[in-house]
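Below: one structure, written as structure tokens.
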There are 2 protein chains.
Amino acid sequence: MDTQFGIMIRTLRVGLNLYLRQVAPLLQMDTAQLSKIEKGQRQLKREQIPLLASILKADQNDLLTLWLADQLYEIVKDEKLGSKAIQVIEEKIKKRKH
Amino acid sequence: MDTQFGIMIRTLRVGLNLYLRQVAPLLQMDTAQLSKIEKGQRQLKREQIPLLASILKADQNDLLTLWLADQLYEIVKDEKLGSKAIQVIEEKIKKRKH
DNA sequence: ATATATTTGCCAAACTTCGACAAGTCAATT
DNA sequence: AATTGACTTGTCGAAGTTTGGCAAATATAT
């Protein structure tokens, strides 16, 4: 049930010696929720990523990338055709570029 | 608002000279819903894909792949970091194999 | 035992998607 | 220009899912 995003933000938070209690209010949530987010049981709202990145002194694009990757993974995690589906959108996105 | 899945099943249906009116009841829905599904405004339930594949004489894996690709695309379609996120899960899925 | 940090369980509120129906458009036919 | 048949669109309540907030539980250190 772990997520790459959750693991990353926990690592960053702990690295900065911050407690859930300190970070959660900055995101207007309680510690229980942030705990769940770090453990991948809840999703942080997309629009809160920049704020969290600044709190954790991280690159917001890096965090967003992990967050998106988790959303994608959720869809294909139990699908044997997952890789194939990924190839299909990869193509589609390439074509759409610019 | 088009989806690859929707375009495909419409193409197949039309190719078989079937009307929405004929196909929809086999999926236990009305024509309006199937029309929306073909136009990408509603999602077919994952578990109905095999039945639809058999109605349309298509390979169910092929349809499922497109269906999954549409779900993935929905997440990254407006994201400039989409390709990066896709690379990230692609890696993750490779590692998980077997 | 107490204090602090985190986790878990629960449930109502908020949000999203779906199903069903009615009314609408469009093209061909009479 | 009225009718018919195929498909589309809009609406709206129902059903389903996710979230937020609280209280209690656990864990660890003092």
Side-chain angles (χ1 to χ4, degrees), chain A residues 1-52 55-56 63-64 66-79, chain B residues 1-52 55-56 63-64 66-79:
Chain A
M1 197 191 245
D2 287 356
T3 56
Q4 306 206 49
F5 179 81
I7 291 165
M8 175 59 72
I9 66 174
R10 170 149 299 186
T11 304
L12 291 167
R13 176 176 64 78
V14 170
L16 292 170
N17 291 298
L18 296 171
Y19 300 127
L20 289 176
R21 169 169 65 73
Q22 299 174 283
V23 176
L26 302 175
L27 296 165
Q28 319 211 76
M29 63 179 68
D30 71 359
T31 61
Q33 273 173 99
L34 186 52
S35 170
K36 284 169 191 169
I37 289 167
E38 289 184 349
K39 306 193 92 211
Q41 289 158 10
R42 287 277 199 291
Q43 300 300 131
L44 184 69
K45 289 216 181 75
R46 213 219 94 121
E47 65 269 23
Q48 304 208 82
I49 293 172
L51 173 57
L52 182 55
I55 295 167
L56 298 178
L63 287 189
L64 177 53
L66 292 181
W67 185 93
L68 288 170
D70 288 339
Q71 316 300 304
L72 295 174
Y73 186 67
E74 192 54 29
I75 289 172
V76 296
K77 62 169 193 261
D78 300 323
E79 297 287 351
Chain B
M1 199 191 245
D2 287 356
T3 56
Q4 307 207 48
F5 179 80
I7 290 166
M8 175 60 73
I9 65 174
R10 169 149 299 186
T11 303
L12 291 167
R13 176 177 63 78
V14 170
L16 293 170
N17 291 299
L18 295 172
Y19 300 128
L20 290 177
R21 170 167 63 75
Q22 299 175 284
V23 175
L26 302 174
L27 297 165
Q28 320 211 76
M29 61 179 68
D30 71 1
T31 61
Q33 274 173 97
L34 186 51
S35 170
K36 284 170 188 166
I37 289 168
E38 288 184 348
K39 306 195 92 210
Q41 288 157 10
R42 284 277 200 292
Q43 299 301 130
L44 184 70
K45 288 217 182 77
R46 213 218 93 120
E47 66 269 24
Q48 294 193 291
I49 293 172
L51 172 56
L52 182 55
I55 294 167
L56 299 178
L63 287 189
L64 178 53
L66 292 181
W67 185 92
L68 288 169
D70 288 338
Q71 316 298 305
L72 295 173
Y73 186 67
E74 190 54 26
I75 289 172
V76 295
K77 62 170 193 264
D78 299 324
E79 296 287 352

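Labels below follow one simple rule: chain letters A, B, ... track the order of the sequence lines, proteins then strands, and each chain is numbered from 1.
Considering only side-chain atoms of B:Ala32, the nucleotide from C:dT6, C:dA22, C:dA5 that sits closest is C:dA22. Checked against C:dA20, D:dC7, C:dA5, the side chain of B:Lys36 finds its nearest nucleotide in C:dA20. Checking D:dT9, C:dT7, D:dA6 against the side-chain heavy atoms of B:Gln41 singles out D:dT9 as nearest. Among the nucleotides D:dT9, C:dT6, D:dT19, the one closest to the side chain of A:Arg10 is C:dT6. Residue A:Lys39 has its side chain nearest to C:dT7 when only C:dT7, C:dA5, C:dA20 are considered.
Straight-line distance from the CG atom of A:Leu44 to the P atom of D:dT19: 10 Å, rounded to whole Å. Atom CE of B:Met29 and atom P of C:dT17 are 17 Å apart (whole Å). A:Leu16 has its CG atom 17 Å from the C1' atom of C:dA5, to the nearest Å. To the nearest angstrom, P of C:dT6 lies 10 Å from CG of A:Leu18. In this structure, B:Leu34 atom CG and C:dA20 atom P are separated by 14 Å, rounded to whole Å. We find that CD of A:Gln43 is positioned 17 Å from P of C:dC15, with the value rounded to whole Å. B:Leu27 has its CG atom 14 Å from the P atom of C:dC18, to the nearest Å. The distance from atom CE of B:Met1 to atom C1' of D:dG10 is 13 Å, rounded to the nearest whole Å.
The structure places CZ of B:Arg10 at 4.0 Å from CD of B:Glu38, a figure rounded to the nearest 0.5 Å.
Regarding contacts with the backbone of D:dG20, a side-chain N or O of A:Lys45 is found under 4.0 angstrom from either OP1 or OP2. When the side-chain nitrogen and oxygen atoms of A:Ser35 are compared with OP1 and OP2 of C:dT7, one or more of them lie within a distance under 4.0 Å. Residue A:Arg13 places at least one side-chain N or O closer than 4.0 Å to OP1 or OP2 of C:dT6. Contact between the side-chain N/O atoms of A:Gln33 and the OP1/OP2 oxygens of D:dG21 is found at a separation under 4.0 Å.
Annotation for A:Leu64 and B:Glu79: closest pair CD2-OE1, 3.9 Å, computed over non-hydrogen atoms. Listed here is the closest heavy atom pair of A:Asp70 and A:Gly6: OD2-N, 4.4 Å.
The closest side-chain heavy-atom distance from B:Leu44 to B:Leu34 is not below 4.5 Å. For the pair A:Leu26/A:Leu52, no side-chain contact is recorded, criterion being any heavy-atom separation below 4.5 Å from C-beta on.
Put simply, the side chain of A:Arg42 and the base of D:dG20 share a donor and an acceptor less than 3.5 Å apart.
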